[in-house]
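Along the sequence shown, residues are numbered consecutively beginning with 1.
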Amino acid sequence: FMQDFIPKLQDHLLGRILERNFDGDTHDEFTDEDRNTVRIRNNMVFRHRTARINYTTYDIRHDHDIINPRTHPFVMVSSPETSPSAHPFWYASVIGIFHAEVQHTGTRSRNLKPMQMDFLWVRWLGVIPRCSFGHKQARLLKIGFVEDTDEFAFGFLDPAQVIRGCHLVPAFADEWTGNLLRTNSPTEARPNGQVDDWASFYVGMSILSIFFPFL
């Protein structure tokens with residue numbers, strides 16, 4: 001999953017610079033020439049241990065979540081999908097928290113001055129098909145990591161798009177699996193030296209369910 005790190009990062013940064021609506025960074029139209037207009041100052045990317053995500057509580061108060069890739073990695077964002085059956089949120093596990101000084105050159109550049117851009121490196125989770133959930137079914141939403149054979153299993157996020165951190169509970173009955181990521185060695189994609197993944201998770205419900213009864 002590391003081999004596409006740089007081109008995927010360039011796609012992500014270029015999409016934000018050009019003010020594209022977030023779609024999971026599926027910018028198929030970006031060429032290598034387009035990507036080369038994104039320059040990271042001194043080829044340096046800075047890593048951080050935590051990120052603070054601010055949000056407004058249900059009773060209109062200010063609060064925040066601390067995202068830590070080792071201890072509290074899970075976040076949720078609004079889904080760009082528009083079909084009637086689409087779930088309203090996407091879920092991800094944060095692998096890394098970074099910032100870089102980025103310069104955009106080329107004919108579409110509006111400002112040649114380098115600017116700081118923050119970004120999250122994430123591993124995506126998807127809704128498990130054919131698993132009913134909700135208040136009527138008295139079941140939690142069930143999700144699992146996207147298989148690494150999917151080219152969009154890993155990607156990048158603007159921290160500003162994160163709604164808040166989320167609490168995922170392993171579906172213990174489904175046990176561990178090594179089939180979602182084709183390596184049995186410790187990897188950046190798994191925290192704390194784990195060599196397998198939980199096959200699936202339940203999304204912990206909260207006060208959000210009052211406002212979003214489909215959770």
Side-chain angles (χ1 to χ4, degrees), residues 1 5 8-9 12-13 15-16 21-25 45-81 86-100 115-128 133-135 139-146 152-172 180-181 187-194 197-215:
F1 64 93
F5 184 94
K8 284 188 175 182
L9 176 57
H12 171 74
L13 297 175
R16 286 169 58 180
N21 291 328
F22 174 70
D23 63 355
D25 292 340
V45 172
F46 299 89
R47 190 164 195 165
H48 305 271
R49 291 185 178 180
T50 61
R52 174 172 168 152
I53 304 299
N54 296 314
Y55 66 92
T56 303
T57 65
Y58 73 97
D59 54 352
I60 320 300
R61 295 176 182 268
H62 172 82
D63 207 343
H64 66 271
D65 288 326
I66 299 297
I67 306 304
N68 183 316
R70 293 185 175 273
T71 58
H72 298 90
F74 298 114
V75 297
M76 59 191 297
V77 299
S78 293
S79 169
E81 297 177 273
H87 188 66
F89 304 110
W90 280 5
Y91 302 87
S93 176
V94 175
I95 302 172
I97 302 164
F98 303 94
H99 88 266
M115 56 184 170
Q116 178 174 319
M117 297 186 71
D118 305 319
F119 51 93
L120 306 176
W121 184 26
V122 300
R123 184 181 180 189
W124 290 107
L125 299 100
V127 176
I128 302 294
F133 64 93
H135 289 290
R139 292 181 179 178
L140 297 174
L141 173 65
K142 197 174 189 180
I143 64 177
F145 286 116
V146 177
F152 298 110
F154 296 88
F156 294 92
L157 265 179
D158 180 351
Q161 291 181 301
V162 175
I163 297 173
R164 61 173 301 179
C166 59
H167 179 60
L168 302 186
V169 182
F172 296 105
L180 300 174
L181 188 60
T187 168
E188 286 272 355
R190 296 181 177 127
N192 307 318
Q194 295 172 358
D197 300 297
W198 285 108
S200 57
F201 299 85
Y202 292 107
V203 179
M205 298 179 73
S206 68
I207 197 66
L208 281 173
S209 300
I210 295 176
F211 301 103
F212 300 102
F214 37 71
L215 286 176

Enquirer: Between Phe201 and Phe74, is the ring centre distance below 6.0 Å?
Expert: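 That pair passes the under 6.0 Å test.
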
Enquirer: Of the non-hydrogen atoms in Val77 and Val162, which two are nearest, and what is the gap between them?
Expert: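 For Val77 versus Val162, the nearest heavy atoms are CG1-CA, 3.8 Å.
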
Enquirer: Can you check whether Phe156 reaches Leu13 side chain to side chain, under 4.5 Å on heavy atoms?
Expert: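 No, too far: nothing below the 4.5 Å cut-off.
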
Enquirer: Please report the closest heavy-atom contact between Gly24 and Phe152, naming both atoms and the distance.
Expert: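 Shortest heavy-atom contact: O-CD2, 4.2 Å.
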
Enquirer: Distance from Phe119 atom CZ to His99 atom NE2, nearest 0.5 Å?
Expert: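 Going from CZ on Phe119 over to NE2 on His99, the span is 9.0 Å.
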
Enquirer: Check the pair Thr50 / Asn68 against side-chain contact (heavy atoms from CB on, under 4.5 Å), numbers first and verdict last.
Expert: CA-CA 5 Å; Thr50 61; Asn68 183 316; 3.8 Å; yes

Enquirer: Quick one: NE2 on His12 to CG on Leu120, what's the gap to the nearest 0.5 Å?
Expert: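 Nearest 0.5 Å value for the NE2-CG distance: 8.0 Å.
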
Enquirer: Quick one: does Ile95's side chain get under 4.5 Å of Val122's, heavy atoms only?
Expert: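 In short, these two side chains do not touch, never coming nearer than 4.5 Å.
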
Enquirer: If you compare all heavy atoms of Val146 against all heavy atoms of Gly126, which two are closest, and at what distance to 0.1 Å?
Expert: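 Heavy-atom minimum between the residues: CG2-N, 4.0 Å.
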
Enquirer: When rounded to the nearest 0.5 angstrom, what is the spacing between CD1 in Ile53 and CE in Met76?
Expert: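 The CD1 atom of Ile53 sits 12.5 Å away from the CE atom of Met76.
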
Enquirer: With side-chain contact (heavy atoms from CB on, under 4.5 Å) as the test, would you mind laying out the steps for Leu168 and Leu125 before giving the verdict?
Expert: CA-CA 11 Å; Leu168 302 186; Leu125 299 100; 4.2 Å; yes

Enquirer: Kindly assign one of parallel, tilted or perpendicular to the pair His62 and His64, based on the angle between their ring planes and the thresholds 30° and 60°.
Expert: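 Aromatic pair His62/His64 classed tilted.
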
Enquirer: Which heavy atom of Arg49 sits nearest to which heavy atom of Pro69, and what is that distance?
Expert: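 Closest approach of Arg49 to Pro69, heavy atoms only: O-CD, 3.3 Å.
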
Enquirer: Working to the nearest 0.5 angstrom, can you tell me the gap between Thr187 OG1 and Gln194 CD?
Expert: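 Taking OG1 in Thr187 and CD in Gln194, the distance rounds to 11.0 Å.
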
Enquirer: Aromatic rings Trp121 and Phe5: how do their planes relate, parallel, tilted or perpendicular, breaks at 30° and 60°?
Expert: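 Judged by the thresholds at 30° and 60°, the geometry between Trp121 and Phe5 is perpendicular.
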
Enquirer: Compare all side-chain heavy atoms of Ile143 with those of His87 and state whether any distance is below 4.5 angstrom.
Expert: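 A side-chain contact is absent here, since even the closest heavy-atom pair is not under 4.5 Å.
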
Enquirer: Is the number of heavy atoms from other residues, nucleotides or ligands within 6.0 Å of CG (Asp59) greater than 12?
Expert: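 Result for CG/Asp59: enclosed.
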
Enquirer: Nearest 0.5 Å, please: how far is CH2 in Trp124 from OG in Ser93?
Expert: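 Taking OG in Ser93 and CH2 in Trp124, the distance rounds to 11.0 Å.
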
Enquirer: Does Arg52 reach the side chain of Ile66, with side-chain heavy atoms less than 4.5 Å apart?
Expert: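 Yes, side chains in contact.
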
Enquirer: Compare every heavy atom of Leu180 with every heavy atom of Ala199, then report the nearest pair and how far apart it is.
Expert: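 For Ala199 versus Leu180, the nearest heavy atoms are O-CD1, 4.2 Å.
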
Enquirer: Can any side-chain N or O of Arg190 pair as donor or acceptor with the backbone N or O of Leu181 at less than 3.5 Å?
Expert: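 Present.
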
Enquirer: Is a side-chain donor or acceptor of Asn192 paired with a backbone partner of Arg70 at a separation under 3.5 angstrom?
Expert: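 Yes; at least one donor-acceptor contact below 3.5 Å.
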
Enquirer: Would you check, one step at a time, whether the test side-chain contact (heavy atoms from CB on, under 4.5 Å) holds for Leu157 with Phe22?
Expert: CA-CA 9 Å; Leu157 265 179; Phe22 174 70; 3.8 Å; yes

Enquirer: Evaluate side-chain contact (heavy atoms from CB on, under 4.5 Å) for Leu141 paired with Tyr91, printing each intermediate quantity in order.
Expert: CA-CA 11 Å; Leu141 173 65; Tyr91 302 87; 3.6 Å; yes

Enquirer: Could you grab the distance from atom CG of Asp118 to atom CZ of Phe46, nearest 0.5 Å is fine?
Expert: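 One finds 12.0 Å between CG of Asp118 and CZ of Phe46.
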
